[in-house]
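A short worksheet on the structure shown next.
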2 protein chains.
Amino acid sequence: MKISTKGRYALRLMLDLAINYGGELITVKKIAARQGISEKYLEQIITQLKKAGYVRSVRGSEGGYRLARDPAEYTVGMILRQMEGSLAPVSCLDEEVNLCARAADCITLNVWKKVKTAVEDVVDQITLADLVKDYQEKVVLDLNLYLLTFKM
Amino acid sequence: MKISTKGRYALRLMLDLAINYGGELITVKKIAARQGISEKYLEQIITQLKKAGYVRSVRGSEGGYRLARDPAEYTVGMILRQMEGSLAPVSCLDEEVNLCARAADCITLNVWKKVKTAVEDVVDQITLADLVKDYQEKVVLDLNLYLLTFKM
DNA sequence: TATATTACAATAGGATTAGTAGGAATTCAA
DNA sequence: TTGAATTCCTACTAATCCTATTGTAATATA
Ligand code: FES
Ligand code: FES
């Protein structure tokens with residue numbers, strides 16, 4: 001019941017870009033360092049996000065990546081689906097042609113449908129902008145804590 | 001975001017036993033045939049369920065398996081956790097010692113917490129007895145449909 | 001122009017998961 | 001007591017997922 005690293009890393013990558021939205025281009029190298037993720041693996045992931053039109057790139061020296069749209073226009077669900085293909089907990093539920101022969105009689109299928117809906121309700125409601133806000137609030141909180149510690 | 005085959009098969013296996021609860025012993029062979037799952041793979045799965053005390057076995061000829069307790073006492077969540085270890089969508093959330101070093105600063109962790117809760121709310125509320133009921137209602141429904149088709 | 005930096009691409013290796021295979025141990029029934 | 005059915009045990013193979021390696025193409029800057 002794990003979300004693949006692709007999905008998880010893609011979300012952290014997109015959040016990193018979202019936090020820097022409007023600023024300069026961000027390199028994969030910097031994201032990898034900040035997030036503690038393999039640089040080459042991130043390259044593969046960001047390539048997929050680029051193909052989906054979620055990020056724009058500039059090649060060459062001083063190049064890098066940036067978000068294609070405003071952070072508020074990306075939901076967590078969009079990003080996960082792009083990387084994982086579907087949020088269905090079982091392949092029997094994948095919308096495509098992949099319909100399971102047992103679907104008509106399968107009692108457990110209903111369980112998975114409910115799980116799928118529950119997950120989607122969560123991830124389709126959270127946008128990158130929400131997460132950026134969480135981040136900014138956390139930064140302020142940490143700063144206050146720091147100031148308090150040193151009695152300033 | 002897939003549930004492992006072990007978890008899915010275990011649920012179908014347990015449901016099969018639940019439907020036959022109170023009757024005679026059920027062999028792995030029969031379950032494998034009914035569910036269309038590899039017999040040898042099911043053996044490994046049911047061994048794990050036996051170790052957890054969820055099923056009882058009788059060896060030798062005329063042997064087989066049966067549920068250790070009443071179907072109402074098993075939730076889907078119990079079975080999945082037994083097979084998958086945890087329902088957390090990321091290992092960073094696994095209760096154990098496995099705490100992620102980034103947890104304190106990780107913004108996305110909150111997303112995964114919400115996903116985990118949403119999934120648990122579903123699977124911890126459904127028992128095998130509920131699924132048996134679904135099955136029985138379906139059988140009646142199918143019978144009515146059959147009778148109707150032949151105008152009896 | 002030369003050089004360093006960076007995106008882009010393809011592939012190979014390692015780790016984990018999914019599934020297969022063979023057979024030993026146990027028990028019932030004929 | 002023999003044979004068949006069945007659980008139980010161990011090891012192997014195949015597939016998938018994650019990461020690392022290697023190299024090419026494009027671009028800014030000196
Ligand atoms: S096994 Fe495919 S629908 Fe249940
Ligand atoms: S990466 Fe482990 S808590 Fe976010």
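Please read all numbers here as calculations on a predicted model, not as lab measurements.
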Which pairs, protein N/O on one side and nucleotides 11-19 of chain C N/O on the other, fall under 3.5 Å?
unit_1: C/dG19; atom_1: OP2; unit_2: B/Thr5; atom_2: OG1; d: 2.8

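First and last contacts of DNA chain D with chain B, using any nucleotide atom under 4.0 Å from a protein heavy atom and ordered 5' to 3', fall at D/dA4 to D/dA11.
Between B/Gln82 and B/Met14 the shortest side-chain heavy-atom distance does not fall below 4.5 Å. Using a 4.5 Å heavy-atom threshold, the side chains of B/Lys6 and B/Glu84 count as separate. For the pair A/Leu25 and A/Glu62, the minimum side-chain heavy-atom distance is 4.5 Å or more.
No hydrogens or angles considered: nothing links the side chains of A/Ser91 and A/Asp94 as a donor-acceptor pair under 3.5 Å. A/Tyr9 and A/Ser38 share no side-chain donor-acceptor pair at under 3.5 Å.
Within a heavy-atom distance below 4.0 Å of DNA chain D, no residue of residues 11-31 of chain A is found.
Of the possible polar contacts, one joining the B/Lys2 side chain to the A/Ala88 backbone as a donor-acceptor pair under 3.5 Å is found. For the pair B/Glu39 (side chain) and B/Ala32 (backbone), a donor-acceptor distance under 3.5 Å is absent. A/Arg8 contributes a side-chain N or O that, together with a main-chain N or O of A/Ile3, makes up a donor-acceptor pair within less than 3.5 Å.
Both the sub-6.0 Å distance and the 45° axial angle are not jointly satisfied by B/Arg66 relative to the ring of B/Tyr21.
As rounded to whole Å, 16 Å separates atom P of C/dA9 from atom CD1 of A/Ile45. A/Lys51 has its NZ atom 16 Å from the P atom of C/dA7, to the nearest Å.
Contacts of A/Thr75 classified as side-chain hydrogen bond (donor to acceptor under 3.5 Å, both in side chains), with partners at least two apart in sequence or in another chain: none.
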Salt bridge (charged side-chain N to carboxylate O under 4.0 Å, His left out) evaluation trace for A/Arg81 with A/Glu120: CA-CA 10 Å; A/Arg81 278 193 200 88; A/Glu120 286 178 333; 3.5 Å; yes

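In terms of phosphate contacts, A/Lys50 brings a side-chain nitrogen or oxygen within less than 4.0 Å of OP1 or OP2 of C/dC8. In this model, the phosphate group of C/dT6 is not approached by any side-chain N or O of A/Ser57 to a distance below 4.0 Å at OP1 or OP2.
Hydrophobic cluster of A/Leu145: no remaining members, since no ILVMFWY side chain lies below 4.5 Å from it.
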Base versus backbone protein contacts along nucleotides 22-30 of chain C [heavy-atom cut-off under 4.0 Å; B, S, -]: BB-BBBB--

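Linking Ile, Leu, Val, Met, Phe, Trp and Tyr residues whenever their side-chain heavy atoms come within less than 4.5 Å leaves B/Val58 and B/Leu17 in two separate clusters.
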